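Working notes, beginning with the structure itself.
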Protein chains: 4
Amino acid sequence: MSEALATADLPALPLGPISPAKARILAVAVDLFYERGYERTTVRDIAERAGILSGSLFHHFKSKQEILYTAMAATTQAMGEAAVAATEGVGDPREALRALMLAELSAIHREDGHAAYVLVDEWRSLDEEHRAAILKLRDGAYERAWRDTLDALGAAGRLRNNPRIARQLIRGALAWSRHWMREDGPLDLASLADEVLKTFVRD
Amino acid sequence: MSEALATADLPALPLGPISPAKARILAVAVDLFYERGYERTTVRDIAERAGILSGSLFHHFKSKQEILYTAMAATTQAMGEAAVAATEGVGDPREALRALMLAELSAIHREDGHAAYVLVDEWRSLDEEHRAAILKLRDGAYERAWRDTLDALGAAGRLRNNPRIARQLIRGALAWSRHWMREDGPLDLASLADEVLKTFVRD
Amino acid sequence: MSEALATADLPALPLGPISPAKARILAVAVDLFYERGYERTTVRDIAERAGILSGSLFHHFKSKQEILYTAMAATTQAMGEAAVAATEGVGDPREALRALMLAELSAIHREDGHAAYVLVDEWRSLDEEHRAAILKLRDGAYERAWRDTLDALGAAGRLRNNPRIARQLIRGALAWSRHWMREDGPLDLASLADEVLKTFVRD
Amino acid sequence: MSEALATADLPALPLGPISPAKARILAVAVDLFYERGYERTTVRDIAERAGILSGSLFHHFKSKQEILYTAMAATTQAMGEAAVAATEGVGDPREALRALMLAELSAIHREDGHAAYVLVDEWRSLDEEHRAAILKLRDGAYERAWRDTLDALGAAGRLRNNPRIARQLIRGALAWSRHWMREDGPLDLASLADEVLKTFVRD
DNA sequence: CATGAATGAGGGTTCATTCAT
DNA sequence: AATGAATGAACCCTCATTCAT
């Protein structure tokens with residue numbers, strides 16, 4: 001998994017159109033992967049919850065792997081678009097960073113959004129070949145937005161760490177929130193973002 | 001995994017004596033879990049690498065689950081002892097924190113034999129019943145050392161965040177390093193610890 | 001397969017008209033059966049090569065079995081007609097036999113003619129019920145031509161074996177040529193026919 | 001199958017020891033392949049007839065393919081030894097040829113062992129890689145015995161055809177007997193051998 | 001303690017066939 | 001006629017676990 005940083009420059013990947021049937025399968029598959037993990041989820045489980053028979057799954061995806069990959073790719077793409085949208089036209093890089101963190105947090109914590117979780121947790125279940133494709137996708141929009149924002153802060157001397165290192169520390173800090181934050185707890189996502197912000201950014 | 005914080009107060013758990021044969025099996029099992037994950041590791045893989053036949057495994061452990069559980073429990077216990085040892089007699093809480101982070105980092109990166117990554121990565125592969133036991137163990141010594149250290153820093157006004165929140169942010173930041181740090185990279189574990197230290201601790 | 005000789009006397013069988021669409025499907029199916037065998041050929045393979053979708057196949061044939069049967073029946077019929085044409089008006093039974101052998105050989109070796117091959121090789125893939133129909137067809141014209149010719153030679157004392165036995169030995173010898181003759185080899189089909197002729201027929 | 005003649009010079013192939021359990025599985029597998037063909041025989045069929053469960057098969061063979069291959073290899077080896085034994089010390093090449101033909105015929109028709117049948121009929125079901133191994137084995141002893149015998153007859157001017165061609169014609173004639181000879185028919189294997197003998201050999 | 005054959009449930013996947021559109 | 005999603009049984013194979021030796 002250390003190749004997580006070794007990415008190429010431009011995105012790629014067809015992904016193909018996602019029909020309603022495919023979308024439904026993806027949705028239940030993601031839920032199941034979230035609940036039980038990829039390995040422990042059987043294609044029969046997925047089919048049953050999608051209301052079809054297991055054989056029918058393979059009409060839409062040619063393997064269980066492809067289901068995982070497609071879910072991850074779609075999530076990556078959606079997160080990229082959200083990140084771009086969140087930072088577009090935001091002048092202050094501090095505000096841009098807050099927006100990016102909020103976007104990442106809400107992807108992770110959104111009720112219907114087990115997808116972001118699966119993206120991280122099932123990385124090891126993904127074939128070598130598919131990983132590269134996801135990494136390319138991720139680097140295309142999502143990580144570029146982060147990079148630009150952190151670089152701007154760094155250039156202004158407002159970051160306590162090197163921007164590359166800051167990115168990784170923040171990412172880990174946010175991702176882990178999955179394990180301890182509670183909806184009914186005292187801390188909401190915006191407060192958490194502020195908390196992290198004041199830790200990493202001066203002033 | 002959000003129950004990771006909901007722990008009882010006192011440790012418990014027999015674990016039983018660990019014979020040399022058991023230790024050998026545990027060591028190779030941990031290696032394998034690290035390489036392929038729990039689900040993708042077969043008992044035959046473990047037995048083969050341990051130099052025995054698969055049937056013989058079950059004279060030492062009554063199930064594959066028990067191997068995972070025992071590995072996790074032993075790791076947890078060892079980490080607790082290491083944390084206590086690392087902080088004992090250290091006057092400056094800043095230094096104590098650095099020691100705790102270094103211990104956690106080296107366990108995560110398998111520089112010692114503690115295999116902390118299994119604790120995080122294979123948490124979901126552990127049966128419900130075994131999870132509670134591990135959580136109890138973990139809370140016993142390990143987390144207490146962290147708590148005491150961070151509380152001391154907080155009381156001295158040297159922490160940028162609430163100690164409870166700081167613990168979680170740091171834990172996430174450190175755990176994620178597994179995904180991006182490279183042995184041959186420019187950053188070593190000690191430098192990473194310093195990097196995190198200066199982010200979270202004033203001065 | 002020993003029932004190969006237990007045939008009734010007269011032909012029968014509708015077979016129905018073969019539309020151009022059907023003919024195309026049969027052609028590609030035969031090629032596929034030849035290349036991969038009946039069992040390993042999927043209806044999707046056939047449909048794809050025929051330029052249609054698998055569901056559409058079943059508008060022309062009611063099952064995969066029927067495709068095999070129809071191909072075999074058509075081949076059998078064509079070979080029968082060729083045999084009759086080849087021997088009609090040939091006075092010398094030795095010449096008639098040469099003509100029959102050449103017809104059989106060229107059916108087997110003809111470039112577009114995997115059909116004769118399939119007829120032999122996929123016999124076991126044919127349902128019991130369909131086999132009888134093919135055998136009847138075969139007995140109708142094709143085998144009668146052979147029988148008449150060999151009987152004539154036998155009556156003239158020019159055969160080294162009983163005509164019935166000779167037929168089977170010759171058939172085996174010719175069929176096996178599939179496995180060892182090469183287009184670019186030193187032996188052509190006519191020479192092979194002569195070779196067999198001089199072995200079985202005196203003078 | 002045209003590569004059936006393109007063989008290298010020397011045998012090879014470990015095959016490994018054949019335990020009683022393996023032998024039993026091979027025996028029933030061969031019967032089944034004979035009755036239904038390789039593709040139509042399921043591993044559960046084999047296991048059931050062998051009196052074990054399907055999973056246990058894979059203790060002895062790592063795949064269904066390997067069962068086929070092992071059966072073919074064992075048969076080939078046995079036939080080679082039989083051919084050598086049958087011709088050893090036989091002075092008259094005519095008698096040697098009769099012995100070889102009888103050996104081939106009884107392998108094809110042997111009541112207790114359909115293995116030689118499978119060797120021919122399921123050739124296409126064998127993986128490319130395994131075919132080469134079988135061909136090598138076959139050429140080692142079996143075909144050499146045939147070649148030597150026919151060459152001797154040819155050198156003495158007692159063959160109606162070139163020895164190489166004669167081998168192929170005879171092989172086809174004998175193999176085909178499987179399709180028309182009946183146990184209860186008027187012709188036994190020895191008579192059939194004589195019949196072929198007088199066709200191909202002068203005097 | 002170790003062996004290794006056997007278990008048997010269950011895994012992912014294939015595929016001929018059906019049928020509403 | 002053609003489509004293509006859906007079916008559902010069957011396929012080969014895997015694997016944690018048991019147990020007689």
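Each chain gets a letter, A, B and so on, in the order the sequences are listed, and its residues count up from 1. Worth knowing before you read on, the calculation uses all heavy atoms, side chains too, and leaves out hydrogens, waters and symmetry mates. On a predicted model such as this, the values are computed, not experimentally measured, just so you know.
Of the possible donor and acceptor atoms, one in the side chain of E66(A) sits under 3.5 Å from a partner among the backbone N and O of K62(A).
A straight line from NZ of K22(A) to P of dA6(F) spans 12 Å, rounded to a whole angstrom. What separates CZ of F61(C) from C1' of dA1(F) is a distance of 14 Å, to the nearest Å. Separating the NZ atom of K64(D) from the P atom of dA10(F) is a distance of 15 Å, rounded to the nearest angstrom. Computed from coordinates, the Y38(C) OH to dC15(E) P distance equals 13 Å when rounded to whole Å. The CG atom of L57(D) sits 14 Å away from the P atom of dG8(E) (whole-angstrom rounding). When rounded to the nearest whole Å, the span between CZ of R40(A) and P of dG10(E) equals 15 Å. Atom CG of L68(B) is separated from atom P of dA16(F) by 13 Å (rounded to the nearest Å). Distance, L53(A) CG to dA9(F) C1': 10 Å, rounded to whole Å.
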Side chain to side chain contact (heavy atoms under 4.5 Å, CB included), that's the test. Do V118(C) and T75(C) meet it? Break it down for me. CA-CA 9 Å; V118(C) 168; T75(C) 302; over 6 Å; no

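In this structure, OG on S63(A) lies 7.5 Å from CG on D127(A), to the nearest 0.5 angstrom. The CE atom of M72(C) sits 10.5 Å away from atom CZ of R138(C), with the distance rounded to the nearest 0.5 Å. Distance CD1/I46(B) to CD1/I25(B): 8.5 Å, rounded to 0.5 Å. Atom-to-atom distance recorded for L57(D):CG and R44(D):CZ is 10.0 Å, nearest 0.5 angstrom.
Contacts between residues 44-52 of chain A and DNA chain E, defined by a heavy-atom separation below 4.0 Å, involve R44(A), listed by number.
Taking for each of V43(B) and A21(A) the nucleotide of DNA chain F with the nearest heavy atom, the 5'-most of the two is the partner of A21(A).
Taking 4.5 Å as the limit, every side-chain heavy atom of R40(A) sits out of range of all side-chain heavy atoms of L32(A).
Nearest heavy atoms, Y34(A) versus R124(B): O-NH1, 2.8 Å. Closest non-hydrogen pair, A29(C) versus I67(C), comes out as CB-CG2, 3.6 Å.
In this structure, K64(A) satisfies the cation-pi test against Y38(A), with its NZ or CZ atom closer than 6.0 Å to the six-membered ring centre and inside 45 degrees of the ring normal.
No engagement by S19(B) is indicated, since no non-hydrogen atom pair under 4.0 Å with the nucleic acid exists.
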Close N or O pairs between protein and nucleotides 18-21 of chain E (under 3.5 Å):
none

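Annotated stems with DNA chain E as a participant read E:2-21 with F:2-21, given as range with range, by first number; only runs of 3 or more Watson-Crick or G-U pairs under 3.5 Å qualify.
Side-chain polar atoms of Y117(A) and R178(A) form no donor-acceptor pair below 3.5 angstrom.
Regarding contacts with the backbone of dG4(E), every side-chain N or O of H60(D) stays at 4.0 angstrom or more from both OP1 and OP2.
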